[in-house]
Chemist: 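Provided herewith is a single structure, encoded as structure tokens, for subsequent inquiry.
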Amino acid sequence: MRSKEFLRREMLNLRNGLSLADADEKSRIIGEIFLNLFGQKESFLLYSSVNNEVRTKFIIDTLYKNGKLVYLPKYSKGGFISALYNGETSMVKGKFGVMEPDSMDSRDKFDVIAIPGVVFGLDFNRIGMGKGYYDTMLKKVKGLKVGLSYQFQIVDGIDTDPWDEKMDMIITEENIYRR
């Protein structure tokens, strides 16, 4: 099996090479699948997409408009917490340049948690950016863990570390993988 570092580098190069139009189209399809599967749920922990991650603005806007509880990660005290989203005007640039809610209203139980990643395995493991922030946050929150990924980011399996958190489901523009 290829190392995490090799896979991370390889997939970041592929993802960064994705055109804006391709990323938008694939993200739209993934967003529609996500909303068809979970739009009736009430509480969500999503993420503010950056650097050609699967874009979540469409999902966030749709759920918020429909009166759902939407939370996003917010950097606080060395890690991520969930923070209530109160519309685009409530967003501020966070520690890593990622937009995050200015709210401190947090919770730890959600119907659905959408998770970004650089690589996802058919064994439901994921590789993130390598800092462990998401794995640490995922240990503190409860909910259905759904990885949002482009199909080219899917590999057979990933070597894991003890702190890695498995996904319950992975959605791509071509497939839905369920554990």
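The first residue of the sequence shown is numbered 1, and numbering continues consecutively from there. Hydrogens, waters and symmetry mates are skipped; everything else that's a heavy atom, side chains included, is used.
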Chemist: Same cluster for M129 and V98 if Ile/Leu/Val/Met/Phe/Trp/Tyr side chains link at under 4.5 Å?
Modeler: yes
Chemist: Set out, in order, the CA-CA distance, both residues' side-chain angles and the distance that settles side chain to side chain contact (heavy atoms under 4.5 Å, CB included) for L18 and N16, then state yes or no.
Modeler: CA-CA 5 Å; L18 201 59; N16 291 338; over 6 Å; no
Chemist: Enumerate, atom names and distances included, each donor-acceptor pair closer than 3.5 Å involving a side-chain atom of residues 57-64, sequence neighbours excluded.
Modeler:
from: K57; atom 1: NZ; to: D61; atom 2: OD2; distance (Å): 2.6
from: K57; atom 1: NZ; to: E88; atom 2: OE2; distance (Å): 2.7
from: T62; atom 1: OG1; to: F58; atom 2: O; distance (Å): 2.8
from: Y64; atom 1: OH; to: N86; atom 2: O; distance (Å): 3.3

Chemist: So, do L37 and I176 sit near enough that their side-chain heavy atoms are less than 4.5 Å apart?
Modeler: yes
Chemist: Give the minimum heavy-atom separation between A23 and S27, together with the two atoms involved.
Modeler: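 That would be O-OG, 2.7 Å.
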Chemist: Should I81 and L46 be regarded as members of a common hydrophobic cluster, given that ILVMFWY residues are connected when their side-chain heavy atoms come within less than 4.5 Å of each other, either directly or indirectly?
Modeler: no
Chemist: Can you tell me which residue pairs pass the salt bridge (Lys or Arg N to Asp or Glu O under 4.0 Å) test with a partner in residues 19-28, sequence neighbours excluded?
Modeler: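 Matches after skipping sequence neighbours: D24-R55, E25-R28, K26-E173, R28-E32.
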Chemist: L122 and Y177: side chain to side chain contact (heavy atoms under 4.5 Å, CB included), yes or no, with the steps?
Modeler: CA-CA 8 Å; L122 294 177; Y177 301 98; 3.4 Å; yes
Chemist: Taking the six-membered ring for Trp, are F96 and Y133 parallel (under 30°), tilted (30 to 60°) or perpendicular (over 60°)?
Modeler: tilted
Chemist: Apply salt bridge (Lys or Arg N to Asp or Glu O under 4.0 Å) to K74 and D102, showing your working.
Modeler: CA-CA 8 Å; K74 176 184 180 95; D102 62 4; over 6 Å; no
Chemist: Please report the closest heavy-atom contact between V54 and S49, naming both atoms and the distance.
Modeler: O-CB, 3.3 Å
Chemist: About how many Å separate CG of L148 and CZ of F34, when rounded to the nearest 0.5 Å?
Modeler: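 Spacing of CZ (F34) from CG (L148) equals 6.5 Å.
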Chemist: Let's go through Y71 and Y85 carefully: what are the C-alpha distance in whole Å and the side-chain angles of both, what is the deciding distance for ring pair (Phe, Tyr, Trp, His ring centres under 6.0 Å) to 0.1 Å, and is it a yes or a no?
Modeler: CA-CA 5 Å; Y71 286 74; Y85 175 76; 10.0 Å; no
Chemist: Check the pair F124, I158 against side chain to side chain contact (heavy atoms under 4.5 Å, CB included), reporting the backbone distance first and the verdict last.
Modeler: CA-CA 9 Å; F124 295 89; I158 296 171; over 6 Å; no
Chemist: At their closest point, which heavy atom of D108 faces which heavy atom of F110, and how far apart are they?
Modeler: C-CE1, 4.0 Å
Chemist: Distance from F6 atom CZ to I127 atom CD1, nearest 0.5 Å?
Modeler: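 If I round to the nearest 0.5 Å, the distance is 11.0 Å.
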Chemist: Within the 4.5 Å heavy-atom criterion, are K4 and D161 side-chain neighbours or not?
Modeler: yes
Chemist: Are side-chain heavy atoms of R107 and S43 found at a separation under 4.5 Å?
Modeler: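 They are in contact (side-chain heavy atoms under 4.5 Å apart), so the answer is yes.
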Chemist: Just by distance, do the side chain of Q153 and the backbone of V118 share a donor-acceptor pair under 3.5 Å?
Modeler: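 Confirmed, Q153 side chain pairs with V118 backbone.
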Chemist: My understanding is that only residues two or more places apart in sequence, or in another chain, count here; which of them pass side chain to side chain donor-acceptor pair (under 3.5 Å) with S106?
Modeler: S82
Chemist: Please step through side chain to side chain contact (heavy atoms under 4.5 Å, CB included) for the pair E10 and N13, ending with a clear verdict.
Modeler: CA-CA 5 Å; E10 183 179 274; N13 284 338; 6.0 Å; no
Chemist: For D164 and D159, which heavy atoms make the closest approach, and how far apart are they?
Modeler: OD2-O, 4.3 Å
Chemist: For the CD atom of E100 and the OG atom of S76, what is their distance to the nearest 0.5 Å?
Modeler: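 Answer for the CD-OG pair, E100 versus S76, is 9.0 Å.
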Chemist: Quick one, Y150 and I30 - any side-chain contact, counting heavy atoms below 4.5 Å?
Modeler: yes
Chemist: Answer whether the closest heavy-atom distance between the side chains of N175 and Q151 falls below 4.5 Å.
Modeler: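 In contact.
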Chemist: Has the side chain of R126 got a donor or acceptor atom that lies under 3.5 Å from a matching backbone atom of G121?
Modeler: no
Chemist: Could you give the distance from OG1 (T160) to CG (D123), rounded to the nearest 0.5 Å?
Modeler: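 It comes to 7.5 Å.
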Chemist: Could you measure the distance from the CD1 atom of I170 to the OG atom of S149? Nearest 0.5 Å is fine.
Modeler: 7.0 Å
Chemist: List for me each residue that meets ring pair (Phe, Tyr, Trp, His ring centres under 6.0 Å) alongside Y134, sequence neighbours excluded, and say none if there are none.
Modeler: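 With sequence neighbours excluded, Y134 shows a ring pair (Phe, Tyr, Trp, His ring centres under 6.0 Å) to F80, given in chain and number order.
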Chemist: If you measure from CG on D111 to CG on L45, what distance do you get to the nearest 0.5 Å?
Modeler: 11.5 Å
Chemist: Give the minimum heavy-atom separation between A83 and S103, together with the two atoms involved.
Modeler: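 Scanning both residues, the minimum pair turns out to be CB-O, 3.5 Å.
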Chemist: Please name the pair of heavy atoms, one in R8 and one in G128, separated by the smallest distance, quoted to 0.1 Å.
Modeler: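 So the minimum-distance heavy-atom pair works out to NE-O, 2.7 Å.
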Chemist: State, with a plain yes or no, whether a side-chain heavy atom of M11 is found less than 4.5 Å away from one of V155.
Modeler: yes
Chemist: Identify every side-chain donor-acceptor pair in residues 135-143 under 3.5 Å, counting partners at least two apart or on other chains, and give the distances.
Modeler:
from: D135; atom 1: OD1; to: E165; atom 2: N; distance (Å): 3.0
from: T136; atom 1: OG1; to: G132; atom 2: O; distance (Å): 2.9
from: K139; atom 1: NZ; to: W163; atom 2: O; distance (Å): 3.0
from: K139; atom 1: NZ; to: E165; atom 2: OE2; distance (Å): 2.7

Chemist: Report, as yes or no, whether the 6.0 Å neighbourhood of atom NZ on K166 holds more than 12 heavy atoms from other residues, nucleotides or ligands.
Modeler: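 Correct, the count exceeds 12.
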Chemist: Do I171 and F38 come close enough that some side-chain heavy atom pair is under 4.5 Å?
Modeler: yes
Chemist: Keeping the roles fixed (side chain from N52, backbone from R15), state whether a donor-acceptor pair exists under 3.5 Å.
Modeler: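 Yes, because the side chain of N52 sits within donor-acceptor range (under 3.5 Å) of the backbone of R15.
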Chemist: By salt bridge (charged side-chain N to carboxylate O under 4.0 Å, His left out), which residues pair with D168, not counting sequence neighbours?
Modeler: R179
